[in-house]
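Inspection log for the structure reproduced underneath, given as structure tokens.
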Amino acid sequence: CIDEPAVSKPGYQLLRIPEMPESRAARVRAPTYLGLFAVTLATLTYEILLTRIFSVSMWYHFAFMAISIAMFGMSFGAIIVYFFPAAFERERAAAGLAWSSLAFALTIPVSFTFHLWLPFWFGPSSSVTLALSFLVISVPFVFSGICVCIALTRFPEDVSRLYAADLLGAALGCIALIYLLDLVDGPSAVLVVAAAAAAGAWSFARSGAAGRIGILAAGAAILLGVAGVGHALLARNQAPLLRLFWVKGKLEQRPLYETWNAFSRVSVHGNPAVPTWPSGWGLSSSYRAEHPIQQLQLLIDATAGTVLTGFDGSQLDHLDHLRYDVTNLAHYLRDQARVLVIGVGGGRDVLSALLFGQERVVAVDLNQDILEIVNEQFGDYTGHLDRHP
């Protein structure tokens with residue numbers, strides 16, 4: 001700015017200061033913030049969801065690879081934006097945000113389905129199949145990385161607000177998964193997450209992307225959302241189309257019953273009409289099984305097992321094998337006792353306490369799905385132990 005006295009001095013020239021262009025804050029419209037919020041929410045939700053799925057399909061130590069896969073994919077996407085800046089210029093930012101987030105949404109179910117069908121076992125070729133699975137799973141995160149990088153680098157004047165939307169979406173995504181897995185199973189949750197990403201693409205398209213990207217994104221969001229809800233209903237009726245086929249290195253048969261929550265996948269296996277020989281954690285060598293009994297396997301994440309025992313609610317004579325299991329040694333040391341069972345499982349320890357004629361039994365479990373299986377879904381099979389006097 002030039003003050004008035006300086007105008008008349010020799011060597012000074014009055015210059016017209018051009019009008020400042022419209023502020024960048026006005027150019028970044030609300031749909032852009034909403035789109036970034038949806039994409040980062042879907043990214044973190046999917047990343048943590050993969051840790052839950054890997055815990056079942058592979059082993060617990062592989063679950064942590066989901067974090068590395070997400071970081072690898074998003075970093076690779078950011079590098080693409082860095083090395084090809086002409087393809088992601090500011091004038092094309094709206095279209096780039098819409099297309100990359102739509103690609104993120106569409107590649108989620110495709111790569112996840114590939115992971116479900118890819119054989120996984122421990123052998124000479126396991127490292128190849130494992131690397132291939134991880135590489136395919138990382139593809140959606142590449143597009144998420146491209147989207148986030150465009151948003152945070154092409155609008156520097158608004159980076160604070162954009163980054164706030166980024167962090168808010170990511171934080172909410174971490175929390176949302178806990179409640180999502182209480183409503184739907186793992187594969188259905190994948191479809192719901194993809195629908196959220198597609199909704200983000202539609203929001204980006206509303207901020208100024210040209211072409212039919214908005215229609216495609218809206219259609220994808222609706223289809224993926226309907227698919228997620230429909231598949232969740234099929235899974236609730238124990239008839240899912242997408243399920244874990246390769247589990248812990250072997251091909252898993254369809255369970256009798258399956259349910260998911262934020263920290264476990266609980267499944268029931270076996271044939272309730274076919275008796276099997278009594279099983280135990282340490283049956284005495286002096287025990288001689290005289291007849292098979294009704295038993296089903298209840299598994300947590302496909303490996304941590306317990307037993308659902310057929311029980312009519314009154315007669316305990318056919319469960320005599322429980323007297324020979326080393327895990328019931330405590331009942332020989334104390335009789336007429338009050339028993340606390342921590343981790344009710346399939347109810348085997350409750351039956352043991354009843355068989356030994358203990359005074360009172362209290363059984364607790366932090367996994368609500370296990371309690372529902374024992375008391376409700378298979379209550380008639382287990383004799384409704386929760387109603388036993």
Taking only residues at least two apart or on different chains, which pairs with a member in residues 272-292 satisfy salt bridge (charged side-chain N to carboxylate O under 4.0 Å, His left out)?
none
Considering only residues two or more places apart or on different chains, which pairs with a residue in residues 183-194 satisfy side-chain hydrogen bond (donor to acceptor under 3.5 Å, both in side chains)?
Asp185-Ser188, Ser188-His231
Ring geometry between Phe104 and Phe141 (parallel below 30°, tilted from 30 to 60°, perpendicular above 60°):
tilted
Applied to residues 47-59, the salt bridge (charged side-chain N to carboxylate O under 4.0 Å, His left out) test, sequence neighbours excluded, yields Arg52-Asp301
Would you say the ring centroid of Tyr332 lies under 6.0 angstrom from that of Phe356?
yes
Salt bridge (charged side-chain N to carboxylate O under 4.0 Å, His left out) contacts touching residues 350-364 (sequence neighbours left out)
none
Regarding Gln253 and His269, do their side chains bring together a donor and an acceptor under 3.5 Å, going by distance alone?
no
OG/Ser57 to CZ/Phe62 distance, rounded to the nearest 0.5 angstrom?
10.0 Å
Trp117: which residues meet the ring pair (Phe, Tyr, Trp, His ring centres under 6.0 Å) condition with it, sequence neighbours left out?
Phe245
Suppose we screen for ring pair (Phe, Tyr, Trp, His ring centres under 6.0 Å). Which residues come up paired with Phe311, at least two apart in sequence or across chains?
none
Does any pair with a residue in residues 361-381 pass salt bridge (charged side-chain N to carboxylate O under 4.0 Å, His left out), and if so which ones, sequence neighbours excluded?
none
So how far is it from Leu351 CG to His388 NE2, rounded to the nearest 0.5 Å?
8.5 Å
Pairs meeting criterion side-chain hydrogen bond (donor to acceptor under 3.5 Å, both in side chains) with involvement of residues 133-147, two or more places apart:
Thr43-Ser144, His115-Ser133
Both conditions, 6.0 Å and 45 degrees, for the charged tip of Arg90 above the ring of Phe155: are they met here?
no
Sequence neighbours excluded, the answer for side chain to side chain donor-acceptor pair (under 3.5 Å) partners of Thr113 is none
With hydrophobic residues grouped by side-chain heavy-atom distances under 4.5 Å, do Trp281 and Leu329 end up in a single group?
no
List the residues meeting salt bridge (Lys or Arg N to Asp or Glu O under 4.0 Å) with Arg265, not counting sequence neighbours, and say none if there are none.
Glu252, Glu258
Hydrophobic clusters join Ile, Leu, Val, Met, Phe, Trp and Tyr when side-chain heavy atoms are under 4.5 Å apart, directly or via other members; which others share one with Val364?
Leu340, Ile342, Val362
Can you tell me how far the CG atom of Leu44 sits from the CG atom of Leu172, to the nearest 0.5 Å?
10.0 Å
Between Leu183, Leu177, Ile178, which is the residue that forms a side-chain contact (heavy atoms from CB on, under 4.5 Å) with Leu181?
Leu177
Would you mind listing every side-chain hydrogen bond (donor to acceptor under 3.5 Å, both in side chains) that reaches into residues 338-349, with sequence neighbours excluded?
Asp325-Arg348
Determine, using the 4.5 Å side-chain heavy-atom cutoff (strictly less than), whether Tyr257 and Ile370 are members of one ILVMFWY cluster.
yes
